[in-house]
Amino acid sequence: MRILFFLESLQCGGKERRALELMQYLTKLPGYEIALVLTEDEIYYKQVYDLGIRINIIKRGRLKYDPSLFLKFYKICGSFKPDIIHSWGRMTTFYSIPSKLLFRKPLISSLISDSSKSFNKFSLYSYLLNTNVLFSDVVLSNSEAGLEAYEVKSVKARVIHNGVHLDRFYREFETSKVKAEFNISTKYMVIMVATFSHFKDYDLFVDIAKEIGRSRVDITFVGVGDGINLSRIQQRVIDEHVGNVILTGKLKEVERIVSASDIGILCTKSEGISNSIIEYMALGKPVIATDMNGGSKELIQDGVTGFCTERNSDKVIGIINQLIDNPGMRISMGELGRERIKTRFSISMMADKFENLYKEVSGPEKQEAISEFLTK
């Protein structure tokens, strides 16, 4: 089976990592041939070069919405002759539509990876979403909350949750060495791994650290990641003399520093299925997410493996103090969370669902449905 993956880039992000891990899994199976198309040459995940797959970069010109990409992608489809086109995003799905129609190939679009619909129904984004849903054979979200937020009620809509390679988390890490590397001397660590974007609430993270620092000096708050708001948050930490916060920037092996932490936190305005929360849980850490209506509740069993709470500093501070002061609760929640990831969110489970989906959409009945759609 020949599958053509179409993404904007392989920069550091949850969607990009998920696509890479799926490609890694499929290339190890017999009967699959994978090719990748990118519209940008940003490749953070260098592991893609080890897959031995064909990588095509069709860069945009000066226009943000470059119509030449329709033709460029069409030519790649004609050369590779995919059985399935799998796009990952609004614009890549939109650019795929003519090729899907002309070559009569099923189009799977991984359109939704968050649960925050940030545009109105009369916007360009709304038009793109509706057009993409109309012409896709399957519309994928990584959370039920995402489908609900975007009001995608089509029978084409499916959910495939994120999965992770569990072997990444079974290594032994020496906590003292990790702490020394980042100059952390406190007994406890609370970590947040997230991009410094408008959707992630690092201001709340700093507020929490600042307030806890007034009453106890045994906790360091560590923020891992980069993004457009990193410099602003760094300056805020300096200006307000928040001494219990360390911002590391982007790290290659986040599992090392997560393993050395005691609590994983994600201050967010809205979320689909967070890779960070999966990683916290896979490493046996209790988790706190300020996301009561998004996808985090599909991961976290509230009060069992962690907490889904309001974006309220007092509430989060109360939970942090409760967990820090009750080591038995921390250990129990962490162990239950690790088992939940092992049994529900492994890469093999995610990939099996994708593989079954590929077989379904490439079957003869689906091909007949595509032909019928095109002849109407």
Side-chain angles (χ1 to χ4, degrees), residues 10-14 16-18 20-21 24 43-48 50 162-197 200 202 205-206 208-209 218-227 230 233-234 237 243-268 273-289 299-300 305-306 320 323-324 327 330-331 333-342 345-347:
L10 274 183
Q11 62 185 354
C12 185
E16 292 80 6
R17 183 190 300 175
R18 193 161 65 254
L20 173 66
E21 291 191 329
Q24 287 175 324
I43 297 181
Y44 170 79
Y45 295 109
K46 305 298 183 183
Q47 306 95 305
V48 72
D50 299 327
N162 298 12
V164 292
H165 285 286
L166 296 173
D167 53 0
R168 286 175 50 206
F169 309 104
Y170 292 154
R171 298 158 53 196
E172 293 293 328
F173 301 101
E174 193 170 334
T175 298
S176 59
K177 286 186 176 180
V178 175
K179 284 188 170 183
E181 180 181 342
F182 293 96
N183 197 29
I184 296 169
S185 58
T186 56
K187 184 175 181 179
Y188 304 110
M189 286 171 57
V190 174
I191 193 165
M192 175 163 160
V193 180
T195 56
F196 283 74
S197 70
K200 303 299 189 287
Y202 269 103
F205 180 74
V206 173
I208 291 164
D218 56 349
I219 307 174
T220 297
F221 289 78
V222 181
V224 179
D226 67 358
L230 174 57
I233 297 296
Q234 286 174 327
V237 168
N244 60 347
V245 169
I246 292 175
L247 304 176
T248 68
K250 183 163 54 179
L251 298 177
K252 283 283 187 181
E253 292 185 312
V254 294
E255 54 266 28
R256 291 180 63 250
I257 195 165
V258 173
S259 178
S261 303
D262 299 280
I263 299 170
I265 188 171
L266 186 64
C267 298
T268 179
I273 294 292
S274 166
N275 281 338
S276 293
I277 290 178
I278 290 177
E279 290 170 355
Y280 300 157
M281 293 171 68
L283 284 160
K285 308 301 171 183
V287 296
I288 304 170
L299 274 173
I300 301 167
T305 62
I320 290 173
L323 286 170
I324 291 294
R330 286 202 315 275
I331 293 169
M333 283 188 160
E335 289 177 348
L336 290 170
R338 192 201 312 265
E339 185 62 23
R340 181 167 171 79
I341 298 304
K342 180 180 177 181
F345 297 95
S346 69
I347 187 65

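In summary, of the residues considered (Ile219, Ile263, Thr175, Asp262), a side chain to side chain contact (heavy atoms under 4.5 Å, CB included) with Met189 occurs for Asp262 alone.
For the pair Val164 and Phe169, the minimum side-chain heavy-atom distance is below 4.5 Å. In this structure, Leu251 and Phe182 have side chains that are in contact, with non-hydrogen atoms separated by less than 4.5 Å. With contacts defined as side-chain heavy-atom distances shorter than 4.5 Å, the pair Ser274/Asn162 does not qualify. In this structure, the side chains of Val237 and Val206 come closer than 4.5 Å at one or more pairs of heavy atoms. The shortest distance between side-chain heavy atoms of Ile191 and Ile265 does not fall below 4.5 Å. Within the 4.5 Å cutoff, the side chain of Tyr188 has no heavy atoms near those of the Leu323 side chain. Put simply, the side chain of Ile257 reaches to within 4.5 Å of the side chain of Val224, judged on heavy atoms. Contact check for Tyr44 versus Lys252: side-chain heavy atoms found under the 4.5 Å cut-off.
Listed here is the closest heavy atom pair of Thr186 and Lys179: O-NZ, 2.9 Å. Gly14 and Asn275 make their closest contact through CA-ND2, 3.2 Å (heavy atoms, listed as atom of the first residue, atom of the second, distance). Nearest heavy atom pair, residue Asn244 against residue Ala209, reads ND2-O, 2.8 Å. Across all non-hydrogen atoms, the minimal contact from Leu283 to Ser259 is CD1-N, 4.1 Å. In terms of heavy atoms, Ile208 sits closest to Cys267 at CD1-SG, 4.1 Å. A pairwise comparison of heavy atoms in Gly225 and Thr248 identifies N-OG1, 4.4 Å as the closest pair.
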> Hey, mind stepping through Glu253 and Arg171 against salt bridge (Lys or Arg N to Asp or Glu O under 4.0 Å) and telling me if it holds?
Replying inline: CA-CA 12 Å; Glu253 292 185 312; Arg171 298 158 53 196; 3.4 Å; yes

> Could you walk me through whether Glu181 and Arg256 pass the salt bridge (Lys or Arg N to Asp or Glu O under 4.0 Å) check?
Replying inline: CA-CA 11 Å; Glu181 180 181 342; Arg256 291 180 63 250; 2.7 Å; yes

>> Walk me through whether Glu255 and Glu279 qualify under side chain to side chain contact (heavy atoms under 4.5 Å, CB included).
In response: CA-CA 7 Å; Glu255 54 266 28; Glu279 290 170 355; 5.9 Å; no

>> Evaluate Phe196 against Ile233 for side chain to side chain contact (heavy atoms under 4.5 Å, CB included), listing each step before the verdict.
In response: CA-CA 8 Å; Phe196 283 74; Ile233 297 296; 4.0 Å; yes

> Can you check side chain to side chain contact (heavy atoms under 4.5 Å, CB included) on Val258 and Phe173, steps first, answer last?
Replying inline: CA-CA 10 Å; Val258 173; Phe173 301 101; over 6 Å; no

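For the atom pair Leu166 CG and Ile278 CD1, the distance stands at 10.0 Å (nearest 0.5 Å). If you take CG on Asp226 and SG on Cys12, they are separated by 7.0 Å, rounding to the nearest 0.5 Å. Annotation: the span from Leu247 atom CG to Gln234 atom CD amounts to 6.0 Å, rounded to 0.5 Å. Rounding to the nearest 0.5 angstrom, the gap separating the CE atom in Met333 from the CZ atom in Arg338 is 15.5 Å. Going from atom OG1 of Thr195 over to atom CG of Leu230 covers 10.5 Å, rounded to the nearest 0.5 Å. Distance CE/Met281 to CD/Glu339: 10.5 Å, rounded to 0.5 Å.
Partners of Ala194 under the side chain to side chain contact (heavy atoms under 4.5 Å, CB included) rule, at least two apart in sequence or in another chain, are Met192, Lys200, Tyr202, Leu266. Every residue meeting the side chain to side chain contact (heavy atoms under 4.5 Å, CB included) condition with Gln11, not counting sequence neighbours, appears here in chain and number order: Ser9, Glu16, Glu42.
The number of heavy-atom neighbours closer than 6.0 Å to CG of Asp50, taken from other residues, nucleotides and ligands shown, is above 12. The environment of Lys250 atom NZ is dense: over 12 non-hydrogen atoms of other residues, nucleotides or ligands sit within 6.0 angstrom.
Remark: side-chain polar atoms of Thr220 are not paired, donor with acceptor, to backbone N or O of Ile184 under 3.5 angstrom. Side-chain atoms of Arg340 come within 3.5 Å of backbone atoms of Leu299 as a donor-acceptor pair (strictly under, hydrogens ignored). A donor-acceptor pair is defined here as one N or O able to donate and one able to accept, closer than 3.5 Å; such a pair exists between the side chain of Tyr280 and the backbone of Val193. Not one N or O on the side chain of Lys285 forms a donor-acceptor pair closer than 3.5 Å with the backbone of Val190.
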